[in-house]
There are 2 protein chains.
Amino acid sequence: MEQAPQRDRSWDEELRSRGYRVTPQRQLVLEAVASLNHATPEEIAARVQQTAKGVNISTIYRTLELLDSLGLVAHTHLNHGAPTYHLATEAGHVHLVCQDCGKIDQASPEAIAPLTAALDDRHGFEVNVSHLTVFGRCQDCRSKTRA
Amino acid sequence: MEQAPQRDRSWDEELRSRGYRVTPQRQLVLEAVASLNHATPEEIAARVQQTAKGVNISTIYRTLELLDSLGLVAHTHLNHGAPTYHLATEAGHVHLVCQDCGKIDQASPEAIAPLTAALDDRHGFEVNVSHLTVFGRCQDCRSKTRA
DNA sequence: TTACGTGCAAAGTCTTTGCAACCAT
DNA sequence: ATGGTTGCAAAGACTTTGCACGTAA
């Protein structure tokens with residue numbers, strides 16, 4: 001399976017060096033996660049199937065679990081039901097989930113630096129920043145409700 | 001259904017004033033949430049059924065949803081699967097979930113004050129503190145791995 | 001008395017698993 | 001060639017829903 005030469009292939013070696021194989025399905029899942037950002041397994045499956053219709057949902061789950069364990073993608077648990085996946089290279093940001101409209105925003109790492117420092121200091125707890133989600137209400141919904 | 005007089009009954013009125021009824025099932029669920037702390041619906045059901053065996057799991061779910069919507073309990077979405085419920089009066093703390101051993105610790109509100117301030121400031125985002133969960137590794141697991 | 005709440009059972013959603021065929025290495 | 005991967009289908013975990021009976025108010 002040939003591809004455009006300029007695509008990032010560093011993860012290929014990550015797989016192979018650990019004894020895993022590089023398959024079209026895995027490429028497609030990783031590309032889907034990269035392009036969708038905060039997507040559920042079903043959304044990722046839909047995107048993958050735009051290119052390769054035969055890919056089964058169970059393969060999506062297995063692949064996401066693998067990529068997650070390798071640290072290539074990360075997931076967060078949002079409101080109810082499905083987790084959402086994003087590239088681990090985008091880690092270091094906080095997810096801001098609006099409980100009114102469901103919108104997902106992101107905050108920069110600096111905003112949470114005091115938090116991670118305080119938790120390390122006082123609890124000896126090492127924060128997994130790529131897995132951090134904050135719930136609340138976004139600016140839009142706050143102004144709407146106040147009206 | 002009479003009970004010991006010294007039990008906290010403020011939530012009774014919370015229900016009645018909104019047109020909901022006070023039932024033994026709802027009392028038991030609230031008591032279970034209070035005594036268990038971070039319990040899943042199934043765990044709550046098990047506790048409730050120690051007292052009243054007939055209570056159905058669907059009643060547990062419906063009651064938790066109700067109490068949650070009334071702000072009497074709150075839930076967080078932990079690793080995979082079931083959410084965990086706790087009393088809303090214990091809100092204002094952060095859950096620290098260890099991804100290695102699964103232990104749930106709590107951090108005081110002061111630790112997150114800088115975070116909530118920064119997010120409000122820079123994103124107009126109002127943090128729901130009772131719903132905040134931080135993933136990472138606890139002190140014990142860190143020292144084990146480092147060894 | 002009235003209509004909200006519950007138990008029961010069935011269905012729904014999301015995810016995992018066993019197994020034979022398949023294919024990356 | 002050969003063992004990791006996939007598709008398929010079935011099972012599993014978790015949650016919701018419809019309906020008739022029960023019960024708080």
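Protein chains get the first letters and strands the later ones, always in sequence-line order, with residue 1 at the start of each.
The minimum heavy-atom distance linking A107(B) with L119(A) is given by the pair CB-CD2, 3.6 Å. For the residue pair L36(B) and E43(B), the shortest heavy atom distance occurs at CD1-O, 3.7 Å. Closest of all the heavy-atom pairs between V129(A) and T116(A) is CG2-CG2, 4.3 Å.
Between Q25(A) and dC23(C), a side-chain N or O to OP1/OP2 separation shorter than 4.0 Å is absent.
Using a 4.5 Å heavy-atom threshold, the side chains of L67(B) and V33(B) count as separate. Side chains of L15(B) and R26(B) form a contact here, defined as non-hydrogen atoms less than 4.5 Å apart. Residues Y85(A) and P41(A) are in side-chain contact: their nearest non-hydrogen atoms beyond the backbone lie under 4.5 Å apart.
A straight line from CD1 of I57(B) to P of dT17(D) spans 15 Å, rounded to a whole angstrom. For the pair L64(B) CG and dT15(D) P, the interatomic distance rounds to 10 Å; values are reported in whole Å. Here the C1' atom of nucleotide dA3(C) and the CG atom of L15(B) are 16 Å apart, to the nearest Å. Distance R18(A) CZ to dT5(D) C1': 18 Å, rounded to the nearest Å. The distance between atom CG of L67(A) and atom P of dT5(D), rounded to the nearest whole Å, is 11 Å. Protein atom CD1 of I60(B) is 12 Å distant from nucleotide atom P of dT15(D), rounded to whole Å. As rounded to whole Å, 13 Å separates atom P of dT16(C) from atom CD of E42(A). In this structure, OH of Y61(B) is placed 16 Å from P of dT13(C), rounded to the nearest angstrom.
Each end of the helix from dT1(C)-dA25(D) to dT25(C)-dA1(D) gets its own axis, taken as the rotation carrying the C1' atoms of four end pairs onto the next four within a five-pair window, and the two axes meet at 40° to the nearest 10 degrees.
A salt bridge links R16(B) and E13(B); the closest N-O separation between the charged side-chain nitrogens and carboxylate oxygens is under 4.0 Å. Of the charged side-chain nitrogens involved, none lies within less than 4.0 Å of a carboxylate oxygen, so that E31(B) and R47(B) do not count as a salt-bridged pair. Here D140(B) does not pair with K144(B) in a salt bridge; the nearest charged N to carboxylate O distance is not below 4.0 Å. Here D12(B) does not pair with R21(B) in a salt bridge; the nearest charged N to carboxylate O distance is not below 4.0 Å.
For the pair P83(B) and T63(A), both in contact range of DNA chain D, the more 5′-proximal nearest nucleotide belongs to T63(A).
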So which protein nitrogen or oxygen atoms get under 3.5 Å of nucleotides 9-11 of chain D's nitrogens or oxygens?
none

Task: Chi angles and distances behind the side chain to side chain donor-acceptor pair (under 3.5 Å) call for H38(B), Q106(B) - done: CA-CA 11 Å; H38(B) 304 306; Q106(B) 300 186 178; 3.1 Å; yes
Task: Letter per nucleotide, 5' to 3', of nucleotides 19-25 of chain D [B base touched, S only sugar-phosphate touched, - untouched; heavy atoms, 4.0 Å] - done: ----BBS
